[in-house]
Amino acid sequence: MSLDVRESVPLAALTTLGVGGPARYFAEAADEAAVIEAFRFAEARGVPLFVLGGGSNLLVADRGVDALVLRVRIRGIELLRGRGKDGGGGDTGGGGEAGRALVRAGAGEAWDDLVARSVAEGWAGVECLSGIPGDVGATPIQNVGAYGQEVAETIVEVRAIDRATGVAVVLSGADCGFGYRDSRFKRAWRGRYVITAVTFALRPGGAATVRYPELQRALASSGGAAPPLGEVRSTVIALRRGKSMVLDPADENGRSAGSFFMNPTLAPGAAAGVIARIEAAGVLAPGEAIPRYPADGGRVKLSAAWLIERAGFAKGTRHGAAGISTRHTLALVNRGGATAEELLGLARRVRRGVLDRFGVALSAEPDLVGFAPGEIDDLVSGAHL
């Protein structure tokens, strides 16, 4: 058998949180044939198959995962069609992708390596997503986004293996149902496909996307001129580093899953009620505005980090060996030897505090894996009261 399957493999070291028990079975797939073989292995033994990406958006239960955990290692970055940063080169073809660089990356490529390559080549479209850990294959699932940009803006195709048939399929970006930190891969297609490659339409020689206020302020020294992609990338990484949102073994906040809670989005009427409740709570400083942003469908997005702080949870709050980052209240961190139960306990404290104070139920952003049915329902199904 070409697929090398191991038993009782510890998973903690394969996640950025450094938490969790072992996988019953573990294997790595360097090509699509190995992915299909993994399907057959799991089916023959009557266990689920769980795809592990870079481990950056994941909390594994202390008991581990009773499944075949598959690490997809399919590599490669290929320019299918497009031009270099000087605007010269070959024909980009017709249709909606004219003037675009179509770039296909294997699911096992490190996401930030793809961003770095794109910026170096002068391909605009993902520069604000610099410094995000994890693999390319995970980005469509979560619709990864930061600093005013989302992968949904550039994904044109997702290649995947259908678990039911073992056949490779190509799914258009338009069919993926992208929303805020959401896609059909998390909903109707959950568990159906294993992603093997993603194709992005980038803009050779295009201007950087600078629409996020914090990034705009950080780039203000550019004097109104369009900043180069490289400057945007370095600025985004600096902003992330200031919040301990880049992988750094020397950082006391480095063991995290990034943002643990999603920013809540509310219907206009519900948002007005929450804003009135915040104003009545006496938590605003003189002249302070409540952070709010327009979201899809006319909804209103609020800042989860701001709500958490105003609910009384300061940076550095501890819960056993788990804690809130000393730099960013959205990040829950492993202070050393933390368990998944401690992290869930802290998450529940934070969620309950925000709900009681402001009537907003936060939802966890990371995948919570290996937990029993009903054990984590309160953390993955946010509701706005």
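By convention here, the first residue in the shown sequence is residue 1.
The closest side-chain heavy-atom distance from Glu150 to Val144 is not below 4.5 Å. Using a 4.5 Å heavy-atom cutoff, the side chains of Ile195 and Val72 are not in contact. Looking at Phe261 and Val354, their side chains never come closer than 4.5 Å, going by heavy atoms from C-beta outward. The shortest side-chain heavy-atom distance between Val232 and Cys128 falls under the 4.5 Å cut-off. The closest side-chain heavy-atom distance from Tyr193 to Val169 is below 4.5 Å. Looking at Val151 and Pro140, their side chains never come closer than 4.5 Å, going by heavy atoms from C-beta outward. Using a 4.5 Å heavy-atom threshold, the side chains of Arg71 and Leu14 count as separate. Two residues are said to be in side-chain contact when any heavy atoms from C-beta on lie closer than 4.5 Å; Asp378 and Arg348 meet this criterion.
To the nearest 0.5 angstrom, Ser259 atom OG is 8.5 Å from Lys243 atom NZ. Taken to the nearest 0.5 Å, the OG1 atom of Thr339 stands 4.5 Å off from the CG atom of Asp62. With rounding to the nearest 0.5 angstrom, the CZ atom of Arg75 is 14.0 Å from the CG atom of Asp31. To the nearest 0.5 Å, the span separating CZ on Arg187 from CD1 on Ile141 amounts to 13.0 Å. A distance of 13.0 Å separates OH in Tyr147 from CD in Gln216, rounded to the nearest 0.5 Å. How far CZ of Phe41 is from CG of Leu3: 7.5 Å, rounded to the nearest 0.5 Å.
The backbone N or O of Gly125 lies less than 3.5 Å from a partner atom in the side chain of Gln149, making a donor-acceptor pair. Put simply, the side chain of Tyr180 gets close to the backbone of Asn263: a donor and an acceptor are under 3.5 Å apart. Checked by atom type and distance alone, the side chain of Asn334 pairs as donor or acceptor with a backbone atom of Leu17 at under 3.5 Å. With hydrogens and angles ignored, the 3.5 Å screen pairs no side-chain donor or acceptor of Arg24 with any backbone N or O of Ser8. At distances below 3.5 Å, at least one donor-acceptor pair connects side-chain atoms of Ser56 with backbone N or O atoms of Pro133. Without hydrogens or angle criteria, Asp135 side chain to Ala138 main chain gives no donor-acceptor distance under 3.5 Å. Under the 3.5 Å distance criterion, the side-chain polar atoms of Arg104 are left unmatched by any main-chain donor or acceptor of Val198. One N or O on the side chain of Glu375 and one on the backbone of Ala372 form a donor-acceptor pair closer than 3.5 Å. Between the side chain of Glu127 and the backbone N or O of Thr209 there is at least one donor-acceptor pair closer than 3.5 Å. Here the side chain of Asp182 pairs no donor or acceptor atom with the backbone of Gln142 at under 3.5 angstrom.
For Arg63, the CZ atom is densely surrounded, since the number of other residues' heavy atoms within 6.0 Å is greater than 12. With a 6.0 Å radius and a threshold of 12 heavy atoms from other residues, nucleotides or ligands, Glu43 has its CD atom at or below the threshold.
Hydrophobic clustering of Ile, Leu, Val, Met, Phe, Trp and Tyr side chains at less than 4.5 Å, counting indirect connections, keeps Leu247 apart from Leu59. In terms of hydrophobic clustering, with Ile, Leu, Val, Met, Phe, Trp and Tyr side chains grouped at heavy-atom distances under 4.5 Å, Leu346 and Leu330 are assigned to a common cluster. Hydrophobic clustering of Ile, Leu, Val, Met, Phe, Trp and Tyr side chains at less than 4.5 Å, counting indirect connections, keeps Met262 apart from Ile308. Val350 and Leu302 end up in the same hydrophobic cluster when Ile, Leu, Val, Met, Phe, Trp and Tyr side chains are linked at under 4.5 Å. Placement of Leu332 and Val60 in two distinct hydrophobic clusters is found when ILVMFWY residues are connected by side-chain heavy-atom separations under 4.5 Å, directly or transitively.
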For side-chain contact (heavy atoms from CB on, under 4.5 Å), just list the numbers for Val274 and Leu266, CA-CA rounded to whole Å, side-chain angles, deciding distance to a tenth of an Å, and then say yes or no. CA-CA 9 Å; Val274 168; Leu266 292 78; 3.5 Å; yes
Residues Glu109, Arg73; criterion salt bridge (Lys or Arg N to Asp or Glu O under 4.0 Å); working and verdict: CA-CA 7 Å; Glu109 282 290 336; Arg73 291 287 195 179; over 6 Å; no
When you look at Leu343 and Val19, which way does the side-chain contact (heavy atoms from CB on, under 4.5 Å) test go after all the steps? CA-CA 9 Å; Leu343 283 156; Val19 168; 3.8 Å; yes
Show, in sequence, the C-alpha distance, side-chain angles and deciding distance for Arg310 and Glu279, and conclude whether the salt bridge (Lys or Arg N to Asp or Glu O under 4.0 Å) test is met. CA-CA 11 Å; Arg310 295 309 185 278; Glu279 291 171 342; over 6 Å; no
Hey, mind stepping through Thr326 and Glu252 against side-chain contact (heavy atoms from CB on, under 4.5 Å) and telling me if it holds? CA-CA 8 Å; Thr326 61; Glu252 65 172 338; 3.2 Å; yes
When you look at Glu214 and Leu239, which way does the side-chain contact (heavy atoms from CB on, under 4.5 Å) test go after all the steps? CA-CA 9 Å; Glu214 183 183 11; Leu239 289 172; 3.8 Å; yes
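Between Leu70 and Ala29, the closest heavy-atom pair is CD1-CB, 3.9 Å. Heavy atoms only, all atoms of each residue included: Ala331 and Met245 are closest at CB-CE, 3.8 Å. Taking all atoms of both residues into account, the shortest heavy-atom contact from Ala347 to Phe260 is CB-CE2, 3.6 Å. Scanning both residues, Ala116 and Arg233, for their nearest heavy atoms gives CB-NH2, 3.6 Å. The two residues Leu355 and Ala361 come nearest to each other via the heavy atoms CD1-N, 3.9 Å. Between Val236 and Ser130, the shortest heavy-atom contact is CG1-O, 3.7 Å.
A salt bridge between Asp296 and Lys301 is absent, with no side-chain N of the basic residue lying under 4.0 Å from a carboxylate O of the acidic one. No salt bridge links Arg184 with Asp175; every basic N to acidic carboxylate O contact stays at or beyond 4.0 Å. Here Arg117 does not pair with Asp113 in a salt bridge; the nearest charged N to carboxylate O distance is not below 4.0 Å. Classification of Arg203 and Glu121 as a salt-bridged pair fails, no side-chain N sitting under 4.0 Å from a carboxylate O.
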List the atom pairs, donor and acceptor, that lie under 3.5 Å between side-chain atoms in residues 312-321 and the rest of the protein, sequence neighbours left out.
from   : atom 1 : to     : atom 2 : distance (Å)
Lys315 : NZ     : Glu309 : OE2    : 2.9
Thr317 : OG1    : Ala314 : N      : 3.3
Thr317 : OG1    : Ala314 : O      : 2.7
His319 : ND1    : Arg349 : NH1    : 3.3

Indicate every side-chain donor-acceptor pair of residues 364-371 with a distance under 3.5 Å to a residue at least two apart or in another chain.
none

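Defined by atom type and a distance below 3.5 Å, a donor-acceptor pair is missing between the side-chain atoms of Arg181 and Asn57. Remark: the Ser183 side chain and the Asn143 side chain contain no N/O donor-acceptor pair separated by less than 3.5 Å.
Partners of Arg163 by side-chain hydrogen bond (donor to acceptor under 3.5 Å, both in side chains), not counting sequence neighbours: none found.
Under the 30°/60° scheme for interplanar angles, the aromatic rings of Phe200 and Trp111 are found to be tilted.
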